[in-house]
Structures are given as structure tokens and as C-alpha cells.
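These notes concern the structure reproduced below.
Below, read A as the first sequence line, B as the second, and so on, with proteins coming before strands; counting in each chain starts at 1.
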Amino acid sequence: MCGRYTLRRIDAARLGVTFVEPTFDEFTDRPRFNVAPSQAVAVVRLNRDGKPAMGAVRWGLVPHWAKEPPKVRPINARAETVGSSGMFRQAFARRRCLVLADGFYEWRRDGTAKQPHFIRFPDDRVFAFAGVWERWREREGDDPLDTVAVVTTTPNAVMAPIHDRMPVILRPDDHAAWLDKETSSGNAAALLRPYADGELVASPVDRLVNSPKNDGPDCLRPAAK
DNA sequence: CCAGACGTTGTT
DNA sequence: GTCTGG
DNA sequence: CCAGACGTTGTT
DNA sequence: GTCTGG
């Protein structure tokens with residue numbers, strides 16, 4: 001997947017979760033029309049009590065064993081390797097999460113030009129990418145840096161004309177199983193497939209979104225013909 | 001055994 | 001932390 | 001992914 | 001051209 005998505009509103013009740021971290025105000029106060037890598041993103045993960053809770057982490061994974069957070073960090077993890085790669089396997093086994101969004105961008109190449117497309121559900125509902133997260137600390141007792149990567153897979157019929165990868169979008173019925181630490185790696189991996197055809201829609205949007213500085217409704221303006 | 005890597009996308 | 005390559 | 005920078009000395 | 005930052 002590309003490095004951009006949107007979160008314009010949050011329907012926490014529908015997702016069956018509660019707000020737990022103060023930093024989450026960042027999302028309730030300011031809708032995001034262009035969430036870029038390294039920014040704070042909204043996730044749902046299991047609390048210590050085993051219940052789903054909503055919070056904020058940074059987009060771009062820093063594994064717990066890193067000596068220093070690298071400047072360039074993976075924002076995506078391939079479904080084909082997320083269970084085996086040294087970078088992701090622990091997070092995949094123990095720290096799966098949901099990354100909340102209500103749409104995402106993908107660029108289609110027209111020769112040298114790059115045409116951004118916006119992909120969403122027709123009712124603009126909030127949905128969940130499959131994510132894996134990690135907690136990094138400089139040293140014992142320091143404040144943690146929590147980070148996340150979104151899992152990608154092969155495109156469905158809507159995405160195929162635009163791009164050769166797409167983020168994994170989990171159906172609500174699968175949210176609990178993805179989050180559950182007891183779910184086997186095999187069963188978790190089975191959830192990592194392209195979203196069913198026929199629900200998502202894609203449309204070209206203004207190139208305004210190409211600059212991470214732009215974060216407003218204009219990012220969703222239909223592309224000029 | 002130790003040292004070094006550990007990622008994706010897209011592009012060629 | 002854990003795996004791979006030498 | 002795209003946009004934007006692409007530098008040093010010395011000072012805080 | 002290539003790297004960094006968002």
C-alpha cells in the first residue's frame with residue numbers, strides 16, 4: 001500500500017471499543033484527510049485486561065530490539081512474509097492490531113505522471129486495516145514508543161487496475177480473531193487476503209494529496225478531467 | 001562459533 | 001530477539 | 001507512497 | 001541522482 005490514508009470520523013460504538021489514551025483526542029478533534037507515515041495513527045489493540053481499546057501509535061514499525069529508531073521504518077508488512085521475517089514475526093505472533101481508516105490512497109502510473117486514487121466504502125464507514133505493532137524503549141523505565149505497520153496483500157478487482165498491492169482490510173467478524181493472542185499463526189495468516197470484490201469503490205482525486213502538507217477536504221476533490 | 005541483518009514500494 | 005551466512 | 005533537499009562552522 | 005522527511 002501507499003503511505004497515505006484518511007480517518008475523517010470515528011464510530012467507536014460500532015467498532016465496540018472504548019477510548020483509553022488521552023493522546024487520542026488528536027483524532028477526535030481533527031479529522032485526517034491525509035495521514036502520512038511517521039504521524040500518529042489510531043489503532044485498536046488488546047489492553048492488559050484483554051479487552052479491545054483504542055489508542056494512538058506512530059506509523060512506521062520500530063522493533064523492540066532496535067538500538068535506535070531508524071529514520072526510515074517499514075510502514076507496510078507483506079502478508080507473505082509477516083510471519084517469518086525477523087522484523088515482524090514477534091509482532092505478528094503477539095501484537096496484532098487494527099488500524100482505523102475510512103479510506104486510502106493509491107497511485108496509478110500513467111507514464112511519468114502519478115494519478116492518486118481514493119478507495120473507500122460507498123457509505124464512507126470506518127474500517128480496519130490489519131496491523132502489527134511494537135513497543136520500543138531507549139532504556140528500562142523510559143516512555144515507550146509504540147509503532148505500527150499495515151499488512152499488504154495482492155489486489156482485488158477494484159485495486160488491480162491501479163496497483164499490484166493493497167492493504168489488508170479485515171471484516172468486522174474477523175476483528176476479534178485477529179486481535180486475540182490465542183489465535184494461531186495459521187489462523188491469523190488465513191485472514192490476510194484481498195478484500196472481497198464488489199464493496200470498495202475507487203476514484204481519481206486531485207494531485208493535492210501528493211504533498212503531505214495538504215491535509216483537508218480538498219484532498220478528496222475529484223480529479224479534474 | 002560470531003557477525004550482521006532484520007522492510008516495502010516501485011523501477012529497471 | 002532471532003535467524004542466516006560465513 | 002510523494003516532495004523536497006542536496007552545507008559548514010561554530011554557537012547554544 | 002539519491003536520500004530524507006512526512
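- Of the charged side-chain nitrogens involved, at least one lies within less than 4.0 Å of a carboxylate oxygen, so that Arg221(A) and Asp218(A) count as a salt-bridged pair.
- A salt bridge links Arg8(A) to Asp102(A): at least one charged side-chain nitrogen sits closer than 4.0 Å to a carboxylate oxygen.
- As a whole-Å value, the separation of Asn76(A) CG from dG7(B) P is 13 Å.
- Looking at the side chain of Arg4(A), the nearest of the listed nucleotides dT9(B), dG1(C), dC2(D) is dC2(D).
- Comparing atom distances between the Arg89(A) side chain and each of dA3(D), dT9(B), dT2(C) picks out dT2(C) as nearest.
- Minimum atom distance to the side chain of Lys71(A) is reached by dG5(E), of the listed dG7(B), dG5(E), dT9(B).
- As judged by a 4.0 angstrom heavy-atom cut-off over every strand, Gln39(A) is placed among residues making no nucleic acid contact.
- Under the 3.5 Å distance criterion, with hydrogens and angles disregarded, no donor-acceptor pair is assigned to the side chains of Arg58(A) and Thr147(A).
- Residue contacts for Ser211(A): at a heavy-atom cut-off of 4.0 Å it reaches the sugar-phosphate backbone alone, with no base atom in range.
- Here the P atom of nucleotide dT8(B) and the CG atom of Asp164(A) are 13 Å apart, to the nearest Å.
- Contacts of Val72(A) with the nucleic acid, taken as non-hydrogen atoms under 4.0 Å apart, include base atoms.
- Between the OG1 atom in Thr153(A) and the CD1 atom in Ile169(A) there is a gap of 11.0 Å [rounded to 0.5 Å].
- A gap of 15 Å separates the C1' atoms of dT8(B) and dC2(D), to the nearest Å.
- If you take CH2 of Trp59(A) and P of dG7(B), they are 19 Å apart, rounded to a whole angstrom.
- As rounded to whole Å, 11 Å separates atom P of dC2(D) from atom CZ of Arg207(A).
- Distance CZ (Arg94(A)) to P (dG1(C)): 16 Å, rounded to an integer number of Å.
- Checked for salt-bridge contact, Arg120(A) and Glu106(A) miss the test: no charged N lies under 4.0 Å from a carboxylate O.
- In this structure, CZ of Phe92(A) is placed 14 Å from P of dG7(B), rounded to the nearest angstrom.
- Comparing the C1' positions of dG1(E) and dT12(B) gives an interatomic distance of 15 Å, to the nearest angstrom.
- At a threshold of 4.0 Å, the pair Asp123(A)-Arg125(A) counts as salt-bridged, since one of the basic side-chain nitrogens sits closer than that to a carboxylate oxygen.
- In the set dT9(B), dG1(C), dG6(E), dG1(C) carries the atom at the smallest distance from any side-chain atom of Gln90(A).
- Regarding Leu61(A), its CG atom lies at a distance of 11 Å from the C1' atom of dC6(B), rounded to whole Å.
- Between dC2(D), dG7(B), dT9(B), one nucleotide has an atom nearer to the side chain of Asn210(A) than all others, and that is dC2(D).
- Screening Phe127(A), Phe121(A), Phe129(A) for a ring pair (Phe, Tyr, Trp, His ring centres under 6.0 Å) with Tyr195(A), the sole residue that qualifies is Phe121(A).
- Both thresholds, 5.5 Å between centres and 30° between ring planes, are not jointly met by Tyr105(A) relative to the base of dC2(D), so the two rings are not stacked.
- Between Arg73(A) and dG7(B) there is no side-chain N or O to OP1 or OP2 distance below 4.0 Å.
- Looking at Asn210(A) and Trp107(A), their side chains do bring a donor and an acceptor atom within 3.5 Å of each other.
- When distances run from any side-chain atom of Pro212(A) to the nucleotides dC3(C), dC6(B), dG5(E), the shortest one goes to dG5(E).
- The gap from the C1' atom of dT9(B) to that of dT4(E) amounts to 16 Å, rounded to the nearest Å.
- Taking atom CZ of Phe88(A) as the reference point, atom C1' of dT8(B) lies 8 Å away to the nearest angstrom.
- Looking at residues 183-195 of chain A, you'll see that no heavy atom sits under 4.0 Å from any atom of DNA chain C.
- Among the nucleotides dG7(B), dG6(E), dT9(B), the one closest to the side chain of Ala36(A) is dG6(E).
- Relative to the side chain of Thr81(A), the nucleotides dG1(C), dT8(B), dT9(B) differ in distance, and dT8(B) lies closest.
- Distances shown here put a side-chain N or O of Lys213(A) below 4.0 Å from the OP1 or OP2 atom of dG4(D).
- Looking at Asp180(A) and Arg96(A), no side-chain N of the basic residue comes within less than 4.0 Å of a carboxylate O on the acidic one, giving no salt bridge.
- Spacing between dC6(B) and dG4(D) at atom P, rounded to whole Å, works out to 31 Å.
- Pair assignment for dG4(B): dC3(C), on the basis of Watson-Crick or G-U wobble contacts that are both within less than 3.5 Å.
- At the phosphate of dC3(C), neither OP1 nor OP2 sits under 4.0 Å from any side-chain N or O atom of Ser84(A).
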